[in-house]
There are 2 protein chains.
Amino acid sequence: MARPPSALRGHILDSALQLFATQGYKGASLHDIAQVAGCSKASLLYHFVSKEAILAELLTPAGEGLAALDARLSGLEGEEAAEAAVTGFVDLAMRFRREVKVLFQDIPVLAGHPALGAVPAVVDRLMAAMVEGSTEPKALVTAYMVVGAVAVTCAADVPVEDDDLRAELIKGALRTLGRQSR
Amino acid sequence: MARPPSALRGHILDSALQLFATQGYKGASLHDIAQVAGCSKASLLYHFVSKEAILAELLTPAGEGLAALDARLSGLEGEEAAEAAVTGFVDLAMRFRREVKVLFQDIPVLAGHPALGAVPAVVDRLMAAMVEGSTEPKALVTAYMVVGAVAVTCAADVPVEDDDLRAELIKGALRTLGRQSR
DNA sequence: ACAATAGCTGTCCGATCGGTCAGCTCTGAC
DNA sequence: GTCAGAGCTGACCGATCGGACAGCTATTGT
């Protein structure tokens, strides 16, 4: 039969993401991943140098998306920055729902990854953009709330259509920040 | 020297909670816990029948607190129920911040526990109380947001005094739900 | 003085973990 | 036809996991 460059590699990533999201990084063994992917454990380590490498490659797109959002925000100020931060973060979390689920499950494992090392700083700047305008120090709490609300709701299996979920998240987030949505 | 009924047992629980919150349940080995507690691994299994038993005992108070909140809410309706749900949940999350952190790290491990089996149903009723009054189906999303916002913010290390954090959480949560705090 | 017992530990165990390696199979180039 | 190499695997490895168990120590009741 024909031999494509390797369809298995993609299946491995899919299987790993699914298992990491449901069982956590430590909870999903290479054996489990191989079983779901329909190949041998040794095959995983042929395509990836280690288990951590699978995780890193899995989370890289989300990390890049976050970095891109950060860059996009750097040119904005005030009301405009806050709104862009909210909508941008909601869109990002919607796009990477399963990745967000993984992030929650094994935070310490992810802290040291080169692909994700910048995440905390970027999230800090995201929150700063959200509270842009309000000078009171306690506004930081509402920014935490928005990040948590969006992340958890996206990671959860809310019985709502994606478009409705997105709209509701943005509306709710802006309301949390004390801003009325346009 | 004097022999109190067992001060070590408490130290073990403290150490385990600390490690579970930072490393996750699977990430914290019995060896690690024993090291932090300053005793042998075998000693852990003298005081507790298994590693899972430590986790169960650790999370039981939080589970009971949630059940108590559920009972307290059952007699309320409308605006009163919504406000009580928000303040009650915020207080609960503030009281059990480290436990919430653990919850996020290894959700699948906790799902089957007898001490916590009722948690999903209780949280569902909590969210129902929060959206009490608003009939639109999408209000469920905002309830998810509030739960996520409060949980994540409590679990995080926000540089804000506890009293201020509590007040800000309640205010933000009510604003998220579209209600103005009194 | 002497059992009895609670508290605690060193040591061992089978299972499972992530990872290595020699080698098999099949394809495409020549 | 044959050779090189990509894709994949079974078998194996040391480390570590949660847990079992016999036994040590020191207090307590009598």
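Chain letters run A, B, ... following the sequence lines, proteins first, then strands; residues in each count from 1. In what follows, every heavy atom counts, from backbone to side chain, and hydrogens, waters and symmetry copies are set aside.
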Original post:
Between B/L55 and B/V102, is a side chain to side chain contact (heavy atoms under 4.5 Å, CB included) present by the stated rule, with each step listed?
Top reply: CA-CA 9 Å; B/L55 180 68; B/V102 175; 4.0 Å; yes
Whole angstroms only, please: what is the [atom1]-[atom2] distance between [X] and [N]?
{"X": "A/E52", "N": "C/dC17", "atom1": "CD", "atom2": "P", "result": "17 Å"}
{"X": "A/K26", "N": "D/dG18", "atom1": "NZ", "atom2": "P", "result": "10 Å"}
{"X": "B/Q23", "N": "D/dC17", "atom1": "CD", "atom2": "C1'", "result": "16 Å"}
{"X": "B/F48", "N": "D/dG18", "atom1": "CZ", "atom2": "P", "result": "15 Å"}
{"X": "A/H47", "N": "D/dG7", "atom1": "NE2", "atom2": "P", "result": "7 Å"}
{"X": "B/R9", "N": "C/dA6", "atom1": "CZ", "atom2": "P", "result": "15 Å"}
{"X": "A/L55", "N": "C/dC17", "atom1": "CG", "atom2": "P", "result": "17 Å"}

Contact list (N/O, under 3.5 angstrom) for nucleotides 9-11 of chain C vs protein:
| residue | atom | partner | partner atom | Å |
| --- | --- | --- | --- | --- |
| C/dT9 | OP2 | B/S40 | N | 3.1 |
| C/dT9 | OP2 | B/S40 | OG | 3.3 |
| C/dT9 | OP2 | B/S43 | OG | 3.2 |

Subject >> Short side-chain N/O contact to C/dC17 OP1/OP2 from A/S29, under 4.0 Å >> reply: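 So the side chain of A/S29 is within the cut-off, an N or O lying under 4.0 Å from OP1 or OP2 of C/dC17.
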Original post:
Does the side chain to side chain contact (heavy atoms under 4.5 Å, CB included) test come out yes or no for B/C154 and B/L169, once each step is laid out?
Top reply: CA-CA 9 Å; B/C154 280; B/L169 281 172; 3.7 Å; yes
Original post:
Which residue, A/D157, A/D162, A/D91, forms the salt bridge (Lys or Arg N to Asp or Glu O under 4.0 Å) with A/R97?
Top reply: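 Among A/D157, A/D162, A/D91, the one meeting salt bridge (Lys or Arg N to Asp or Glu O under 4.0 Å) with A/R97 is A/D162.
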Closer than 3.5 angstrom, by distance alone: can the side chain of [X] be matched with the main-chain N or O of [Y] as a donor-acceptor pair?
{"X": "A/E132", "Y": "A/G78", "value": "yes"}
{"X": "A/S74", "Y": "A/A71", "value": "yes"}
{"X": "B/R175", "Y": "A/L177", "value": "no"}

**OP:** In plain terms, say whether A/E79 and A/R179 are close enough for a salt bridge, that is, a side-chain N and a carboxylate O under 4.0 Å apart.
**Re:**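 Here A/E79 pairs with A/R179 in a salt bridge, since their nearest N and O are under 4.0 Å apart.
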**OP:** Measure up the B/F104 and A/F104 rings against each other and bin them: parallel (under 30°), tilted (30 to 60°), perpendicular (over 60°).
**Re:**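 Parallel: the ring planes of B/F104 and A/F104 meet at under 30°.
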**OP:** Write down the atom of B/E168, the atom of A/M145, and the distance for their closest heavy-atom approach.
**Re:**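 Shortest heavy-atom separation between B/E168 and A/M145 comes out as O-SD, 4.1 Å.
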**OP:** For DNA chain D, find the residues of residues 30-37 of chain A with a heavy-atom distance under 4.0 Å and give them by number; none if there aren't any.
**Re:**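 When residues 30-37 of chain A is checked for heavy atoms under 4.0 Å from DNA chain D, there are no hits whatsoever.
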